[in-house]
Amino acid sequence: MKAMVLHEPRLAEDRPLRLDQVKVPIPGPGQVRVAVQYCGLCHTDLHEVEGDLKLPRLPVIPGHQVVGVVESVGPRVRNVREGDRVGIPWLHWTCGKCVYCRAGQENLCENAQFTGFHQDGGYAEFTVVDQKFAFPLPAGFPDHNAAPLLCAGVIGYRALKLSGAKKGSCLGLFGFGASAHLVLQMALHRGSQVFVFTRTASHQDLARQMGASWAGSPDDFAPEAMDEAIIFAPAGELVPQALRRVRKGGVVTLAGITMSTVPEMDYSLLYFERVLRSVANSTREDVRDCLQLAGEIPLRTEVEVLPLEKANEALLALKQSRIRAAGVLKISG
């Protein structure tokens, strides 16, 4: 099968992925093999190929917003059938036994494995996954529009939930790409007012078109202080900027898997019971709830589709903020 494989981390400008012919994976007990139709691009993929994340194995096939059709099933598969349309998210497997799994916090599992990181992902024609981590997708979403729901949507959903944003609150979003453009719609659906902070003029325009009350640069001040803020951009300097813009008791949530160094800041920015918290991965419950909400709203996913062979160019465009909202690779079909 065709796959874009990472053999050695390098800058996106150096085209780190190589188009290889690799063996089609065989599903083991409890696993299914999925014929991949589309796979969404994520900043985590970019951090992975550029070496910002310590990789547990090489070579590896990235990609963790996978949409496809179950092509075959392994022994002891009961809940998924051949021909089912499924999505595969970042969380690939959890042990179910550690202290975090037993406490309902499988996103923090000590032994967790992640799609496109520990196990080969969706930048390939086929991939395998445990049946418990293959999710039915909401009707009404074409495959390419469903792909961003699997990470951009799910992590955005968890970040919004942990932020505490509710009807009548004022929410700020720092960075406006695949995840933020979905969170904007979720927040509006629950009755929040949304301000968007991004340096890219086209992203500011898109945010206004999608219902943001205000959009400007992170250096600007919105018309009023916010109750909550979510930072999507992996830029540590945004942390004190966000804290300056939330009210007393406000919550600033960090949605990225990595971030540049947070600068030293005066304690007064955190005082008055402001809260600074991170988001780590997601649970299967988050995936199910996000997909259900996506169908109810319904979420509008703005996507740019590129062929699998253009994965290097797509990641560079993501790095340079040249993708309008969400990037998706067309694998087959």
Side-chain angles (χ1 to χ4, degrees), residues 25-34 36 39-40 42-45 47-48 53-58 60-68 70 73-81 84-124 126-138 146-162 179 253-258 277-294:
I26 299 173
Q31 291 185 324
V32 300
R33 182 165 66 214
V34 175
V36 182
C39 186
C42 180
H43 271 91
T44 301
D45 302 337
H47 297 313
E48 182 177 338
L53 297 174
K54 184 178 180 180
L55 297 172
R57 52 167 288 200
L58 282 172
V60 67
I61 301 171
H64 58 271
Q65 299 186 92
V66 183
V67 172
V70 176
V73 301
R76 300 198 295 276
V77 171
R78 300 288 182 268
N79 303 320
V80 184
R81 296 179 296 180
D84 284 356
R85 177 180 180 245
V86 297
I88 303 173
W90 170 241
L91 188 65
H92 191 87
W93 179 86
T94 54
C95 70
K97 299 176 181 179
C98 71
V99 61
Y100 298 107
C101 285
R102 295 199 307 271
Q105 297 174 294
E106 68 176 3
N107 60 303
L108 304 178
C109 173
E110 294 278 17
N111 306 296
Q113 295 183 6
F114 301 105
T115 309
F117 191 69
H118 294 93
Q119 303 296 329
D120 286 335
Y123 288 17
F126 296 94
T127 190
V128 296
V129 67
D130 188 289
Q131 62 178 333
K132 298 175 184 176
F133 294 84
F135 297 86
L137 296 168
L149 301 177
L150 276 307
C151 183
V154 171
I155 292 299
Y157 170 82
R158 184 172 181 85
L160 183 63
K161 180 173 69 173
L162 294 181
S179 193
T253 302
L254 313 179
I257 193 171
T258 187
R277 67 175 309 159
S278 67
V279 173
N281 312 314
S282 63
T283 65
R284 281 173 282 176
E285 182 181 13
D286 290 328
V287 178
R288 289 188 287 265
D289 290 348
C290 176
L291 293 177
Q292 180 179 344
L293 180 63

*Asks:* Is any side-chain heavy atom of Glu106 less than 4.5 Å from a side-chain heavy atom of Asn281?
*Replies:*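 Heavy-atom side-chain distance check fails, nothing below 4.5 Å.
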
*Asks:* Of the non-hydrogen atoms in Pro27 and Arg33, which two are nearest, and what is the gap between them?
*Replies:*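 So the two residues come closest at CD-NH1, 3.8 Å.
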
*Asks:* Rounded to the nearest 0.5 Å, what's the gap from SG on Cys290 to CG on Leu149? Could you check?
*Replies:*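 CG of Leu149 is found 6.0 Å from SG of Cys290.
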
*Asks:* For a quick test of reading the model, state the closest non-hydrogen atom pair linking Ala147 to Gly40 and the distance between them.
*Replies:*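 For Ala147 versus Gly40, the nearest heavy atoms are CB-N, 3.8 Å.
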
*Asks:* Would you check, one step at a time, whether the test side chain to side chain contact (heavy atoms under 4.5 Å, CB included) holds for Leu55 with Glu48?
*Replies:* CA-CA 7 Å; Leu55 297 172; Glu48 182 177 338; 3.2 Å; yes

*Asks:* Measuring from atom CD1 of Ile88 to atom SG of Cys151, what distance do you get when rounded to the nearest 0.5 angstrom?
*Replies:*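 The CD1 atom of Ile88 sits 13.5 Å away from the SG atom of Cys151.
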
*Asks:* How far apart are the C-alpha atoms of Arg284 and Phe135, what are their side-chain angles, what is the distance that settles it, and do they pass the side chain to side chain contact (heavy atoms under 4.5 Å, CB included) test?
*Replies:* CA-CA 9 Å; Arg284 281 173 282 176; Phe135 297 86; 3.5 Å; yes

*Asks:* Do any side-chain atoms of residues 108-124 form donor-acceptor pairs under 3.5 angstrom with protein atoms, and if so which ones, sequence neighbours left out?
*Replies:*
unit_1, atom_1, unit_2, atom_2, d
Gln113, OE1, Gln119, NE2, 2.9
Thr115, OG1, Pro89, O, 2.7
Thr115, OG1, Trp90, O, 3.4
Thr115, OG1, His92, ND1, 3.1
His118, ND1, Phe114, N, 3.0
Asp120, OD1, Arg57, NH2, 3.1
Asp120, OD1, Ile61, N, 3.0
Tyr123, OH, Asp45, OD2, 2.8

*Asks:* Going from NE2 on His64 to CG on Leu150, what distance comes out if it is rounded to the nearest 0.5 angstrom?
*Replies:*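 Spacing of NE2 (His64) from CG (Leu150) equals 9.0 Å.
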
*Asks:* First locate atom CD1 of Ile257, then atom OG1 of Thr44, and finally report the distance between them rounded to the nearest 0.5 Å.
*Replies:*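 The distance works out to 4.5 Å.
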
*Asks:* CG/Asn107 to CG/Leu91 distance, rounded to the nearest 0.5 angstrom?
*Replies:*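 Reported to 0.5 Å precision, the distance equals 8.0 Å.
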
*Asks:* So which atom in Pro25 and which in Val128 form the shortest heavy-atom distance, rounded to 0.1 Å?
*Replies:*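 In terms of heavy atoms, the two residues are closest at CB-CG1, 3.7 Å.
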
*Asks:* State whether the side chain of Asp84 and the backbone N or O of Val86 hold a donor-acceptor pair below 3.5 Å, judged by distance alone.
*Replies:*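 No: the side chain of Asp84 does not pair with the backbone of Val86.
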
*Asks:* Answer yes or no: does atom CZ of Arg81 have more than 12 heavy-atom neighbours from other residues, nucleotides or ligands under 6.0 Å?
*Replies:*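 Result for CZ/Arg81: open.
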
*Asks:* Do side-chain atoms of Gln31 reach the backbone of Gly74 as a donor and acceptor pair under 3.5 angstrom?
*Replies:*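 No, because the side chain of Gln31 does not come within donor-acceptor range (under 3.5 Å) of the backbone of Gly74.
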
*Asks:* From Leu291 CG over to Leu137 CG, what is the distance, rounded to the nearest 0.5 angstrom?
*Replies:*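 Spacing of CG (Leu291) from CG (Leu137) equals 6.0 Å.
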
*Asks:* Tell me whether Asp286 contacts the main-chain N or O of Val154 through its side chain, where contact means a donor paired with an acceptor under 3.5 Å.
*Replies:*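 Absent.
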
*Asks:* Is the closest basic N to carboxylate O distance between Asp289 and Lys161 below 4.0 Å?
*Replies:*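 Salt bridge between Asp289 and Lys161, a charged N being under 4.0 Å from a carboxylate O: no.
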
*Asks:* Going by the rule salt bridge (Lys or Arg N to Asp or Glu O under 4.0 Å), which residues pair with Arg277 if we only count those two or more places apart in sequence or in a different chain?
*Replies:*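 So Arg277 forms no salt bridge (Lys or Arg N to Asp or Glu O under 4.0 Å) with any residue.
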
*Asks:* Which pair of non-hydrogen atoms, one from Arg85 and one from Pro138, has the smallest distance, and what is that distance?
*Replies:*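 Shortest heavy-atom separation between Arg85 and Pro138 comes out as NH1-O, 3.6 Å.
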
*Asks:* Measure across Val66 and Gly63 and return the closest heavy-atom pair with its distance rounded to 0.1 Å.
*Replies:*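 Nearest pair, atom of Val66 first, then Gly63: CG2-O, 4.0 Å.
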
*Asks:* Return a table of donor-acceptor pairs under 3.5 angstrom between the side chains of residues 98-105 and protein atoms on other chains or two or more places apart.
*Replies:*
unit_1, atom_1, unit_2, atom_2, d
Arg102, NH1, Lys97, O, 2.4

*Asks:* After noting the C-alpha distance and the side-chain angles of Val34 and Val32, does the key distance pass the side chain to side chain contact (heavy atoms under 4.5 Å, CB included) rule?
*Replies:* CA-CA 6 Å; Val34 175; Val32 300; 4.2 Å; yes

